[in-house]
2 protein chains.
Amino acid sequence: MNNYKVGEIAKIVGVNVETLRYYERIKIMPKPKRLPSGYRYYNDDDLRRLLFIKRAKELGFTLKEINELLNLRIESTSTCGDVKHIAEHKLLDIEEKIRDLKRIRKVLLRLISQCVHEEISSVECPILEIIEKRQKRSPK
Amino acid sequence: MNNYKVGEIAKIVGVNVETLRYYERIKIMPKPKRLPSGYRYYNDDDLRRLLFIKRAKELGFTLKEINELLNLRIESTSTCGDVKHIAEHKLLDIEEKIRDLKRIRKVLLRLISQCVHEEISSVECPILEIIEKRQKRSPK
DNA sequence: ATAATGCTCGTAGTATGGTACTGAGTCAAG
DNA sequence: CTTGACTCAGTACCATACTACGAGCATTAT
């Protein structure tokens with residue numbers, strides 16, 4: 001079981017020291033023990049937790065959701081199904097975002113294809129005209 | 001050329017009155033003229049500008065980017081090519097986001113498929129284990 | 001020994017895109 | 001004449017996720 005000072009653990013995981021203090025403040029990381037000097041020192045459990053947070057963030061989970069996942073992990077009454085529900089919810093979320101972005105991409109492609117005379121004044125730019133005249137989409 | 005009070009124009013375009021005042025504060029909408037009562041009154045140019053902002057927002061442009069587009073439109077030296085560049089940049093942006101989200105979706109699907117025994121304790125949940133042990137992606 | 005980092009704390013600021021509240025004035029209807 | 005609807009200006013606050021600053025100790029490298 002190793003010990004780490006805040007700067008060390010931050011470097012290993014690749015987060016800012018301030019971020020760690022922020023995580024402590026919002027209670028997503030526990031208050032670490034202190035050395036006689038008052039310095040925080042972390043152990044391997046903390047390291048695992050911090051890595052978990054980092055990876056879950058890369059998966060698009062918010063800090064709030066990550067907290068839920070972490071709590072599920074320590075509540076012995078919670079099941080794998082509980083975890084699965086959170087993941088499924090996130091999946092729907094992500095899929096909706098993908099759909100939205102694809103729709104936006106389609107419009108952008110159309111806009112860009114309209115510009116065949118790059119040198120003309122932006123006043124007559126068909127791109128701006130399309131944005132201006134664009135019909136509202138059907139409500140989502 | 002019609003005149004609109006703040007509540008009227010907001011209703012037509014479908015934004016909050018406060019949003020309009022906010023846009024004025026951040027200088028994305030010009031300061032409108034005032035009636036003797038001090039009320040703002042807007043004209044059809046303002047209406048077009050506001051609609052433009054709304055539509056560009058739906059395309060995923062940020063208020064800052066929309067401001068650039070609007071400034072290009074009034075600078076007579078700017079060309080349609082300038083506008084095209086912004087749109088192309090936004091397209092790359094959007095495409096990167098789509099790629100990121102697809103990667104996340106893939107991992108989530110894999111996570112979810114791992115949970116075959118919903119009733120087991122979260123302590124042994126393979127989903128959490130995967131998040132924990134997940135390898136870092138290649139740097140983007 | 002001394003300089004250079006490193007860590008402490010609290011507070012405040014960043015960026016995004018707004019929303020909500022306060023207290024006052026205007027205006028038309030009943 | 002009072003009520004209710006609307007507007008005004010200004011400010012505070014929301015969520016999200018950090019990031020920075022500065023004073024003052026601690027540790028470390030040379």
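Each chain gets a letter, A, B and so on, in the order its sequence line appears, and its residues count up from 1. Since this is a predicted model, take the numbers as computed values, not measurements.
Among the heavy atoms of the strands lying under 4.0 Å from B:V6 are primed sugar atoms or P, OP1, OP2 only; no base atom is included.
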Between protein and nucleotides 24-30 of chain D, what N or O pairs are separated by less than 3.5 Å?
residue	atom	partner	partner atom	Å
D:dA26	O4'	A:Y39	OH	3.3

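Among residues two or more places apart in sequence or in another chain, the salt bridge (charged side-chain N to carboxylate O under 4.0 Å, His left out) test is passed with A:R73 by B:E132.
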Quiz item: Where do B:E18 and B:R21 land on the salt bridge (Lys or Arg N to Asp or Glu O under 4.0 Å) test, with the steps shown first?
Solution: CA-CA 5 Å; B:E18 306 302 322; B:R21 293 190 51 246; 3.4 Å; yes

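Taking the side chain as every heavy atom from C-beta outward, A:L51 and A:I12 never approach each other to under 4.5 Å. Using a 4.5 Å heavy-atom threshold, the side chains of B:L109 and B:R105 count as touching. At least one side-chain heavy atom of A:E24 sits less than 4.5 Å from a side-chain heavy atom of A:R40. You'll find the side chain of B:Y22 stays beyond 4.5 Å of the side chain of B:V17, heavy atoms only. Residues A:D100 and A:K97 have side chains not in contact (no heavy-atom distance under 4.5 Å, counting atoms from C-beta outward).
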Show the atom names and distances, to 0.1 Å, of all donor-acceptor pairs under 3.5 Å that link a side chain in residues 25-36 of chain A to residues at least two apart or in another chain.
residue	atom	partner	partner atom	Å
A:R34	NH1	A:G38	O	2.9

For residues 77-89 of chain A, dump all side-chain donor-acceptor pairs below 3.5 Å to protein atoms at least two apart in sequence or in another chain.
residue	atom	partner	partner atom	Å
A:S78	OG	A:L72	O	2.5
A:S78	OG	A:E75	O	2.7
A:S78	OG	B:S122	OG	2.9
A:T79	OG1	A:G81	N	3.2
A:T79	OG1	A:D82	N	3.3
A:T79	OG1	B:E118	O	3.2
A:D82	OD2	A:T79	N	2.9
A:K84	NZ	B:C115	O	3.4
A:K84	NZ	B:E118	OE2	3.2

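Taking the C1' atoms of five terminal pairs at each end of the helix from C:dA1-D:dT30 to C:dG30-D:dC1, the two resulting helix axes are inclined by 10°, rounded to 10°.
One atom, CD of B:E24, and another, P of D:dC8, lie 10 Å apart when rounded to the nearest Å. C:dC9 atom C1' lies 16 Å from atom CG of A:L20, rounded to whole Å. As rounded to whole Å, 15 Å separates atom C1' of D:dA17 from atom NZ of A:K54. Going from atom OH of B:Y41 over to atom P of C:dT26 covers 19 Å, rounded to whole Å. To the nearest angstrom, C1' of C:dG6 lies 10 Å from CD of A:E8. Spacing between atom NZ of B:K31 and atom C1' of D:dA9 amounts to 12 Å, rounded to whole angstrom units.
Look at A:R40 and you'll find a side-chain N or O under 4.0 angstrom from OP1 or OP2 of C:dT8.
Shown here for A:L59 and B:I104, the closest heavy-atom pair between the two residues is O-CG2, 2.9 Å.
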Quiz prompt | Summary of protein contacts for nucleotides 13-22 of chain C, nucleotide by nucleotide, where a base hit scores B, a sugar-phosphate-only hit scores S (4.0 Å, heavy atoms) | solution = ----BBS---

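Side-chain contact check for B:D46 and B:Y4: no donor-acceptor pair (N or O, by modelled atom type) lies under 3.5 Å.
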